[in-house]
Amino acid sequence: MILEKTEILEITCDGKSDEDIKKLSFAADVIRRGGTVCFPTETVYGLGANALDEAAVGDIFKAKGRPQDNPLIIHLDCLENADKYCKAKENVHLDAISCFFPGPITAVLEKRENVPDVVTAKLKSVGVRVPVHPVANAFLKLCGVPVAAPSANISGKPSPTDARHVIEDLFGKVDVIISAGRSDVGLESTIVSLVTTPPTLLRPGGISYEDLCEKLGEVAVSNAVLSEMKPGDTASAPGMKYKHYAPKASVFLVHGAEDDVVSFLSHKQKNENCAIIGFSEDKDLLCKKNFFDLGSIDNPSEHAHRVFAHLRATDAIEGLEKVYVHITGDKSGINLAVFNRLLKASAYHVIDLTEEK
Ligand code: AMP
Ligand code: MG
């Protein structure tokens, strides 16, 4: 840290009022002086430092307790600036997906010399993202340097979708926390590698696999998206091998016909110290105690929006042993991203009631 204590800066007018601009300028100055700043984006909150300053980037890893071989994404105010840090102009695929920028997507491109190894975990590629969130955009413009940032949570925990989560995890460990309410998407960006042919989906997110295929034609899907890494497998992105998004209690995903899932969950509520993360439709049929509502079964963007906050909230329940999450098994659109995060949070524990019949 370069400041004596963590400063929390409340942004009230999307970064547009004089007061907001003053606060964001202060935070940008902290970045240029080698400090760390947590900032809101449309996906989740990020924990940023100047990507060109090795010591500052090192402080991100320390604050999060993040393994050094898990690379970071660099955040820019506009895609036009990407070419300074990676081979953007000469990439044959980037143009096709430029319509998704700014937005919840990260393109992995061949890096230039000026991006230090500590950012990319020694990979020759770098992930580039341009957030559309107005506060993130105003902040990045004021920084004038690329900002390396992972999600602003303690490594392994669910990602922060609200400034309260960032304060919970990182107060006292970072210089500044910019607080601006809830993130819109609620899940981290889609990551697509453009250094492979065909391009490869490394992590699903707000821009769906179908969206990418429409623009790029063929898109490969990394094994790590839906299947567990086996000992000896090599990760195409180092971050894929770590336990992720997990609350303290053990998570189990439950899939099956609505009636079967409800009777299974109801039995668990009677016999175990557990929490349920389910759909609004389940709520009336189950005990309300320790029930967390993902929204209507037909509203997957709402599931994305709420899932991390619910996983995190279960940590506050005294003595909780298990969390059961109702899943639909649908993998289209943003469902794939929600399913991917839940698979990792549950360490791939899926209870399939259709199989058990
Ligand atoms: P987070 O740190 O939670 O924001 O997640 C960042 C993700 O981006 C991690 O899963 C990294 O493995 C992935 N990532 C960052 N840079 C690269 C890269 N150059 N190639 C592949 N994956 C990357
Ligand atoms: Mg993360």
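Remember, it's 1-based here, ligands and their atoms both numbered in the order they're listed. This one's a predicted model, so the numbers in the text were calculated from it and none came from an experiment.
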Heavy atoms from other residues, nucleotides or ligands near CG of Asn271 exceed 12 (cutoff 6.0 Å): yes
Heavy atom of [X], distance to ligand 1 below 4.0 Å:
| X | value |
| --- | --- |
| Glu188 | no |
| Lys111 | no |
| Leu72 | yes |

Number the atoms of ligand 1 from 1 as they appear, then name those within less than 4.0 Å of a heavy atom of [X], with their elements.
| X | result |
| --- | --- |
| Ile191 | 7 (C), 8 (O), 13 (C) |
| Ile73 | 6 (C), 8 (O), 15 (C) |
| Ser151 | 1 (P), 2 (O), 3 (O), 4 (O) |

Partner of Arg312 under side-chain hydrogen bond (donor to acceptor under 3.5 Å, both in side chains), chosen from Asp169, Asn153, Thr161: Asp169
Contact partition for Val126 relative to ligand 1, non-hydrogen atoms under 4.0 Å: backbone
Path from Leu336 to Leu294 over hydrophobic side-chain contacts below 4.5 Å: yes
Ligand 1 to Arg203 polar contact by distance, N or O atoms, under 3.5 Å: yes
Nitrogen or oxygen atoms of Lys64 and ligand 1 under 3.5 Å apart: no
Ring-ring centroid check His165 Phe308, cutoff 6.0 Å: no
